[in-house]
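Structure first, commentary second.
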Amino acid sequence: MANKVDYVFKIVLIGDSAVGKSQLIARFSKNEFSLDSKATIGVEFQTKTLVIDQKMVKAQIWDTAGQERYRAVTSAYYRGAVGAMLVYDMTKRQTFDHMTRWLEELRGHADKNIVIMLIGNKCDLENLRAVPVEDAQEFAERESLCFMETSALESTNVESAFLTALTEVYGIIA
Ligand code: GDP
Ligand code: MG
């Protein structure tokens with residue numbers, strides 16, 4: 001009974017290819033990171049169980065498995081999701097500019113109450129920054145999203161980003 005799961009929350013990651021979605025998931029669920037840029041294949045989701053408000057919450061974190069082209073992500077991917085991480089690479093402006101599309105696609109498929117978090121990944125590469133933090137903050141504010149910059153490589157804010165999203169979901173659902 002000690003391991004009884006009280007809630008299962010499906011969280012989906014979306015964003016352009018190579019922004020670091022798979023590595024963010026690997027870092028959060030297994031505390032692993034790989035510099036090898038293999039396209040994601042195989043496993044659809046990873047899980048991690050954590051305690052929120054003294055309840056056992058199992059996060060089921062879904063990865064796009066190489067469907068990152070516009071409109072290639074199927075509606076099955078979004079089905080049942082209670083949280084979403086919109087990930088861009090802060091060293092690649094285009095990946096941030098595409099957030100509008102991803103957000104539109106997400107809002108077209110997902111539940112109305114889905115918690116959405118904007119993630120600027122690779123903040124370890126500050127010297128290559130192509131997206132000013134103010135631009136991202138402004139976009140997040142305009143679209144009512146939480147926003148954080150992370151580094152899957154250095155573990156910066158990864159736990160914190162997932163925890164923020166999961167806690168917000170918990171507040172809505174529980
Ligand atoms: P995905 O296509 O969005 O799943 O991206 P991946 O997780 O496969 O990452 C793409 C590439 O970026 C890989 O070479 C990763 O090692 C690298 N990468 C991912 N996260 C970070 C990060 O936080 N910092 C740096 N410097 N590289 C990262
Ligand atoms: Mg991937």
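Whatever order the structure lists ligands and atoms in, that order sets their numbers, starting from 1.
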Salt bridge flag under 4.0 Å for residues Asp135 and Arg93: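 Salt bridge flag = yes for Arg93 with Asp135.
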
Which of these, [options], has its nearest heavy atom closest to [atom]?
atom	options	answer
atom 23 (O) of ligand 1	Ala152, Gly20, Ser155	Ala152
atom 14 (O) of ligand 1	Leu35, Leu24, Thr150, Leu125	Leu35
atom 17 (C) of ligand 1	Glu149, Lys122, Glu154	Lys122

Closer than 4.0 Å to some heavy atom of [X] - which atoms of ligand 1 meet that?
X	value
Ser34	15 (C), 16 (O)
Asp124	22 (C), 23 (O), 24 (N), 25 (C), 26 (N)
Ser17	2 (O)

Would you find a donor on one side and an acceptor on the other, under 3.5 Å apart, between the side chain of Asp6 and the backbone of Met56?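 Checking the backbone N and O of Met56 against the side chain of Asp6, a donor-acceptor pair under 3.5 Å is found.
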
The Mg ion (ligand 2) contact by Ser22, N, O or S atom under 2.8 Å: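 Short answer: yes, at least one N, O or S atom is under the cut-off.
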
Should Val8 and Val115 be counted in the same cluster of Ile, Leu, Val, Met, Phe, Trp and Tyr side chains packed under 4.5 Å apart?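 No, because Val8 and Val115 fall into different hydrophobic clusters, even though each may have its own neighbours under 4.5 Å.
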
With sequence neighbours excluded, tell me which residues meet ring-ring contact (aromatic ring centres under 6.0 Å, His included) with Tyr7.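 Checked Tyr7 against ring-ring contact (aromatic ring centres under 6.0 Å, His included); matches are Phe9, Tyr170.
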
Show every salt bridge (Lys or Arg N to Asp or Glu O under 4.0 Å) that has at least one partner inside residues 148-171, sequence neighbours left out.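 Checked against salt bridge (Lys or Arg N to Asp or Glu O under 4.0 Å) - neighbours excluded - the pairs reaching residues 148-171 are Arg129-Glu149.
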
Side-chain donor-acceptor pair under 3.5 Å between Asp89 and Thr95, yes or no?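 Asp89 vs Thr95: no donor-acceptor pair found between side chains.
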
